Amino acid sequence: MSDEFNLQESLLALSDISLYHIPSEIDIPSLRSSSIDESLSSAIETIVNDPESIVHSQPSTFDVFQSILKYSDTPNVNGPILTKLLDVICSSLTNHSNAVMSIIGGQGFSSEDMDAPMIHKQPLEIWSFLFQWFVIAAEKGAGRSSDSSSSITITTTTGKGKKKTANNKNNSNSSTSFIWIDHLPFVLSTIHKTLRIPSSRLWRTSSEKESVISCFVKPAYQLAENEQYLKNSEIKLGIYKTICLAVKFHGHAFGAQTSIIQNLTYFEHFSEPMAELLSILEKEFDFNQLAEEVLRDVAGKSFAHNDVKGPRSFSKFLVKLAELSPRVVSKQMPLLLAHLDSDAHPMRMAVVEIIGLLIRDLSLSDEGDEEQKNKQIKRYFELLMERFLDLNSWVRCKVLTTLSKLCDLPVKFAKQRHQITELTIRTLEDKTSSARRYAIQLLCKLLETHPFGALHGGTLNLAEWQERYEKIAEELAKVDAIELEKAKRDVGLIGGEAEEGEADDAEDEDEDDEDNEEEGTPRPKKERKPRQSQLDITGIQSEQSTLDPELIHKLRLTKKYYSDALRFINQLENAVPTLCQLLVSTTKTEVLEAMRFFRIAFEYDLQSSEIGIKTMLHLIWTKDVNAPSTNEEGGTSSEGKGVRANLIECYRSLYFDVVPDLAPKQQVNRIAKNMIERTYGATLAELTSLEELMRTMMVDGGVHNDVVNKLWQVYSTEQEIPKAQRQGAIIILGMLALAKREVVTERVEALLKIGLGPLGMHDLVLARYTCIALQRLGGSAKKVKGSLSDKTMRLPMDNPIFVKLQEIIEHSPKSAQWFSMAEQAVNTIYSLGEQPDSLCSEIIKDLTIRVFDKPSSSNTSSPPVADVEQSDQPQSTEDGLEAEEDDATKREEINGQEEQEEKRDQIGSFKLAQLVFVVGHVSIKHIVYLELVEREFKRRKDETAKQKAAAKAAEKDANDLDAVAGNAEDDIGELISGIRERELLFGEKSLLAVYGPMIAGICASPKRYRNPSLRQAATLSLTKLMCVSAQFCESHLLLLFKILETSKDPVVRSNIVIALGDIAVCWGSMIDDNSERLYQGLSDPDLVVKKNTLMVLTHLILNGMIKVKGQLGEMAKCLEDPDTRISDLAKLFFTELSTKDNALYNNLQDVISHLSVGDHKVDEETFERTMRFIFTFIEKDKQAESIVEKLCQRFRLANEERQWRDISFCLSLLPFKSERSMKKLIEGLPFYQDKLHEETVFRRFTEILAKARANKAANKPETELKEFEAILTEHQAKGLEDQALEADVLRKTKAAKRRAAKRPQGGKGKKQTPEIDYNDEEEEEEAAPPQRSTRGKPAKKAPPKAAPTRRGGRRKVVESEDEDEDEDQSFDEF
């Protein structure tokens, strides 16, 4: 048997088991399981009696085992048979292995007994062969019948990641099936025992040894290929140990290296297990050579940019190995760094992460030279910083996450921290959302882990740190001055000791020399340098004792510490504007991260955090579902919340939540104070957003009653408190009352006493917000469209509220705040009063009496002013004859009279402005009131109709009644509209009709009524009156446009622009006919007017209230406006316009013409940036095809090279995804073929060609594109030739001109002399060009033609034009 069995040949034969030859093969398929079991039992008994019988007994014993293994997949070979076979194989291997170990480990074993273990060589080879065969058979499913396949535990995944285990259904089959996974721990332990033997003692040649070792290693690799086995830690560690033993003791290193590389290439799940294997080999078996060799192989591999599987597998392997064995990876790092230039970004990401792990290991390690470690860390950080500029966004993200992990280390990396912060802030403007998000996370981590909390806590208030820095700098300056003084005194002492015997004059000279050396020091210091005899020795000693070197060193370190902190704080402060922009990002995760940053920054007392907190407030209008957000690396506190919910939680935690360690009263005071402070310096937009936040919190029950009571206490206190504090209290109370009306209904008396009482009279802002709070009494239920119900509460007109409102409107002191207060007061009257028109009529009448009362005083007051103005000049001539004292007294009297009259005039103008303003606002509110009256009439009619319908039984009668009710509603609507159109401003009994012509007259007389407040109020009132009646609007619309064009007051222009938007809603056709005048506001020098014009036009165009008639080019100019608010609004407009059906496409040609040609054109760079943005919305293929055709036709009418470049640029922006687009471009070749010689035009067409090739289908030929390219090149060359020819002709004409200019000087100088006298040099230069076109004509004829024309410039111009025509003809002839 020993002569017949060859392990290597047998292993090769196993490659095809069906062809494997067994000498005494048993016909297993034809036998029953019992017969097979008997044959196996007899063979096992033979082996048990004599372990060596497998070698020297008849072949039938060995062949029984081989036959069963060959047909192990047949149903006859069941589980018990395979279990017996496995037991005998493993037992025999263990037996022979123990025997070999006992021989070698025996005391009598010597070099002479080297061949003693050889008796076990052949049995070990046979059993090893059978062992490998068994593993192969078991892995193929031996012993599993179709019924028993379910006996293996099956793990399935159900919803939400929960695992469900299904066990064997048929218990009867469990006894006959073979569960291979249950035997694996026993199999692996057998391998471990076998691999303990010294293989070199038994197998002297390497080929023999490799064959035997492969019988155990190959099964290990085969088992590892099953991912399910690796999830079992016992099996996984057994496989690892098998390979490690083979590598360490049996020379399997090279084979393992090859297998690992292959496994990493073909099996993605091998990445981390192979790294764990190499780590165990290095740590437990002290064998790191294999890991180093594998790393060298990996470092030498190259990956294509489109290879996905390979780089991903190797990158996971490298990262896992760096986590487990950083020292091994560190040695090979110079080679691995080559992958930073790899085309595959997963490899670059892996190297970045490895660098982070190595920095972590170096910083936490206590071993090695500190200086060397610092150098390595510095080098690694430099590599990370370089990767901030990686082209792939995932690599940049990996850099950011790696640095975030490094921030959690106890080591702060102070030297690199500033650079990290700077680069992270730069990444906030990255083009990819993920990079920006991770950059914000890293900034948060840098802020949370900053190293400047050792001395003064963790706050980062810029002012505090600046103060500390200045203080320490002053101390150090004093110390430096003392040290300098001390050094100079030391110099003086040395000089004195050396010259004790010399005279005092010499010492004085020395002192003078010292004074001369310090030229920058003040002169008085000369007195501080006395002679040696006058020095205070004790004073010097005390100063020396105070200047402790350690203290000075500490001061210098503290100054450096403060300067680093200030630098870090300033970096964060500079990042705030960018972070504020990210708060309004369209990506939810960015917004949440930016909110988290400002929340953390607020906790660290960063000054600019307040800006972000205020900007964040506008996110309250975000409409989002509270869906769970993706779990990001680094974690976010906002997981599971939407933007709106996260904002409310953020504000609550910062301002309105209970703080520990405070008494309840202090808690209430703190929350109320924070609420009031939110209103300080807030804009209208911020107050509107704050109102929504407060309303939401009140609805959710987030505001306690004690806080509301505290706010009322602040508002109604009689103590002297800041005005802003009292104003803030009523602002917040008005906001809370939106959600709960009871907040103000119970405190109406306080509102009247404080806000509309003496305090309100002197603080009109307080009165204004008190009026807003009073409006909440009527309720804040939103009107449902089409609903006739009105849930608002109305009060009788004798209520004290209206008395107070009338008083504060009529008797308030003169103030610019009066207008906003009066506006809200009128709003309150109309929202609460049952008959608001009666009260407002009284107010208007009272104000009218105030303005026009006492006609005698007003008549007598105005002429003196005019007399003074008219008599200024004559009086000055008379004063020249009088004494100087009389002159002075008279001038003082006149100046005093003028000042008094000016004050009276201002007071009169202000009263008139008050009247005009109230009239205008009452008119616009009365329209709203009429709509409410109309709705009330309809509601009553509707109720009456329903009652009558219920009384009628017949369905026909009910239907007839509905028709009658509908007609009644129409009649009511017509009646109300008639009152609005004809009665309010033109009725005989209408009060407002009296003031319409007066207001129009004020607006039409700017020279007579010059007061700015009056003109602003009059213009605003005029626009409101124009919204009341179409007839009034039509008659005064041209006046309004005239004021818009001529007014120098930006407030007036801005108000008119906004009002035109309202007028367009009321009377659309009027504005549509004059819309071009509205576009003029886009070129207004005032930014506010420009912004308001853009907003109004955006609203009108997007809502279809006016039609775009070619003026869209002015809107496009705003895309490149320097003011970001205007450019952002313009971008928003075009983005929304692109969603309308073909609106942008239809006007694209007009936009191009407007920006490229004519008086409105912009420079080329601006044109390109604008069109690049607009063309992003051209996505439909049909639109692109049509645009190609139209743009090609534009070439035909384009005469300037600038237009050629603009058109070609627009063509290059199109995608050219379809063949038809390219076909249209080729068909348009005749229109632009003569323009291709222009370099930029040709380059644009080359870009189009490249784009078309990239979009071309792979299966279609490039014949057409190649022909088009050849045509382009041909026409370009032809154009260049023509251009060169033209240049040559011009050069020759210049030469001819020079020759013609020289000839007359020689031959006909006398004739030319007077001509030179009559013309200067400039005229000679103008007359010279016509001589260029005299080519082909005799040179002698040129001077006589030019001679008579030198006296008249007009003739000269005509002649030059003729000669230009000749020049063109000469080009053609040439």
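Quick caveat, the model's predicted, so the values are computed rather than measured. For the numbers below, each heavy atom of this structure counts, side chains included, while hydrogens, waters and symmetry mates do not.
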For R670 against D657, the heavy-atom pair lying closest together
NH1-O, 2.9 Å
For atom CZ of R1125, decide whether the heavy atoms of other residues, nucleotides or ligands shown that lie under 6.0 angstrom number more than 12.
no
Show, in sequence, the C-alpha distance, side-chain angles and deciding distance for E475 and V479, and conclude whether the side-chain contact (heavy atoms from CB on, under 4.5 Å) test is met.
CA-CA 6 Å; E475 292 182 10; V479 169; 5.5 Å; no
So that I know where these two stand, are Y655 and F602 an aromatic pair - ring centroids less than 6.0 Å apart?
yes
Donor-acceptor contact present, side-chain D700 to main-chain G702, <3.5 Å
no
Value for OG1 (T770) from CZ (R726), rounded to nearest 0.5 Å, stands at 10.0 Å
State, without any angle test, whether Q824 and Q775 hold a side-chain donor-acceptor pair at a distance under 3.5 Å.
yes
Do L1129 and T1098 touch side chain to side chain, with heavy atoms closer than 4.5 Å?
no
Does E686 offer a backbone N or O that forms a donor-acceptor pair with the side chain of T683 under 3.5 Å?
yes
Has the side chain of W712 got a donor or acceptor atom that lies under 3.5 Å from a matching backbone atom of V743?
yes
Check ion pair R1053-D1086 (N to O, under 4.0 angstrom):
no
Is it true that S1054 and N1092 share a donor-acceptor pair across their side chains at a distance under 3.5 Å?
yes
Parallel, tilted or perpendicular, judged at 30° and 60°: which one describes the rings of H456 and W465?
perpendicular
Check for me whether R426 meets the cation-pi criterion with F388, that is, NZ or CZ under 6.0 Å from the six-membered ring centre and within 45 degrees of the ring axis.
no
What I'd like to find out is whether the side chain of T1093 reaches to under 4.5 Å of the side chain of K1090, using heavy atoms alone.
no
Minimum-distance pair of heavy atoms, taken over all atoms of Y604 and G458:
CD2-O, 3.0 Å
Counting C-beta onward and ignoring hydrogens, is there a side-chain heavy-atom pair between I569 and E573 closer than 4.5 Å?
yes
Between D430 and T427, is the side chain to side chain donor-acceptor pair (under 3.5 Å) condition met? List the steps.
CA-CA 5 Å; D430 197 280; T427 312; 5.6 Å; no
Determine, step by step, whether E590 and R437 satisfy the salt bridge (Lys or Arg N to Asp or Glu O under 4.0 Å) criterion, reporting the C-alpha distance in whole Å, the side-chain angles of both residues, the deciding distance to 0.1 Å, and the verdict.
CA-CA 5 Å; E590 280 183 66; R437 183 173 79 249; over 6 Å; no
Taking T717 for the side chain and Q713 for the main chain, is one N or O donor matched with an acceptor at less than 3.5 Å?
no
Between Q441 and the options R596, E593, R436, the side-chain hydrogen bond (donor to acceptor under 3.5 Å, both in side chains) test singles out E593
Walk me through it: do D390 and V352 pass the test side-chain contact (heavy atoms from CB on, under 4.5 Å)?
CA-CA 11 Å; D390 197 282; V352 166; over 6 Å; no
Within the side chain of S815, is there an N or O that forms a donor-acceptor pair under 3.5 Å with the backbone of Q817?
yes
Walk me through whether R556 and D480 qualify under salt bridge (Lys or Arg N to Asp or Glu O under 4.0 Å).
CA-CA 11 Å; R556 296 191 190 282; D480 291 340; 2.9 Å; yes
Minimum heavy-atom separation for Y680 to K614, with atom names?
O-NZ, 3.6 Å
Inter-residue atom distance M385.CE - E422.CD, 0.5 Å rounding
10.0 Å
Starting at NZ of K405, measure out to NZ of K445 and round the result to the nearest 0.5 Å.
11.0 Å
Pairwise side-chain contact, R387 with R396, heavy-atom cut-off 4.5 Å (strictly under):
no
Got a salt bridge between R695 and E691, using NZ or NE/NH1/NH2 to carboxylate O under 4.0 Å?
no
R678 side chain reached by Y651 side chain, heavy atoms, under 4.5 Å:
yes
Report the C-alpha distance between I1174 and T1170 in whole Å, list the side-chain angles of each, state the deciding distance to 0.1 Å, and finish with yes or no for side-chain contact (heavy atoms from CB on, under 4.5 Å).
CA-CA 6 Å; I1174 293 176; T1170 304; 4.0 Å; yes
Aromatic ring proximity, centroids under 6.0 angstrom, F413 and F381
yes
With sequence neighbours excluded, what pairs up with D763 under the side-chain contact (heavy atoms from CB on, under 4.5 Å) test?
K723, Q727, V765, L766
From I676 atom CD1 to K710 atom NZ, the distance as rounded to the nearest 0.5 Å:
8.5 Å
Heavy atoms from other residues, nucleotides or ligands near CD of E467 exceed 12 (cutoff 6.0 Å)
no
Closest non-hydrogen atom pair, L442 against I420
CD2-CG2, 4.2 Å
Please check if the side chain of T1166 supplies one atom and the backbone of V1162 the other of a donor-acceptor pair under 3.5 Å.
no
For the residue pair T449 and K412, what are the closest heavy atoms and their distance?
O-NZ, 3.3 Å
What pairs meet the ring pair (Phe, Tyr, Trp, His ring centres under 6.0 Å) rule with one or both residues in residues 563-597, with sequence neighbours excluded?
F452-F568
Looking only at heavy atoms, the pair that brings D706 and V668 closest together is O-CG1, 3.5 Å
Side chain S585, main chain Q581, donor-acceptor under 3.5 Å:
no
So, the side chain of R644 versus the backbone of I620: is there a donor-acceptor pair under 3.5 Å, distance only?
yes
To the nearest 0.5 Å, what is the distance between CD1 (I731) and CG (L736)?
12.0 Å
Do L1094 and D1121 have side chains that approach each other closer than 4.5 Å (heavy atoms only, starting at C-beta)?
no
Within the 4.5 Å heavy-atom criterion, are E692 and M735 side-chain neighbours or not?
no
Do H1099 and F1133 have ring centres separated by under 6.0 Å?
no
Charged N-O contact under 4.0 Å between D564 and K560
yes
Exam field: side chain Y562 to backbone A473, donor-acceptor pair closer than 3.5 Å
no
Within this structure, what is the CE-OG1 distance for the pair M698 and T696, rounded to the nearest 0.5 Å?
12.0 Å
Is it the case that more than 12 heavy atoms not belonging to R417 sit under 6.0 Å from its CZ atom?
yes
Is it the case that more than 12 heavy atoms not belonging to L455 sit under 6.0 Å from its CG atom?
yes
Kindly determine whether E474 and K471 satisfy salt bridge (Lys or Arg N to Asp or Glu O under 4.0 Å), including the steps that lead there.
CA-CA 5 Å; E474 288 178 6; K471 185 177 179 181; over 6 Å; no
Carboxylate-amine/guanidinium contact R379 E382, below 4.0 Å
yes
Quick one: does any side-chain atom of N574 pair with a main-chain N or O of N570 as donor and acceptor, under 3.5 Å?
yes
Report yes if some heavy atom in the side chain of T1135 is under 4.5 Å from a heavy atom in the side chain of F1173; otherwise report no.
yes
Before giving the answer on side-chain contact (heavy atoms from CB on, under 4.5 Å), spell out for Y380 and L362 the whole-Å C-alpha distance, their side-chain angles and the decisive distance to 0.1 Å.
CA-CA 11 Å; Y380 284 148; L362 287 170; 3.8 Å; yes
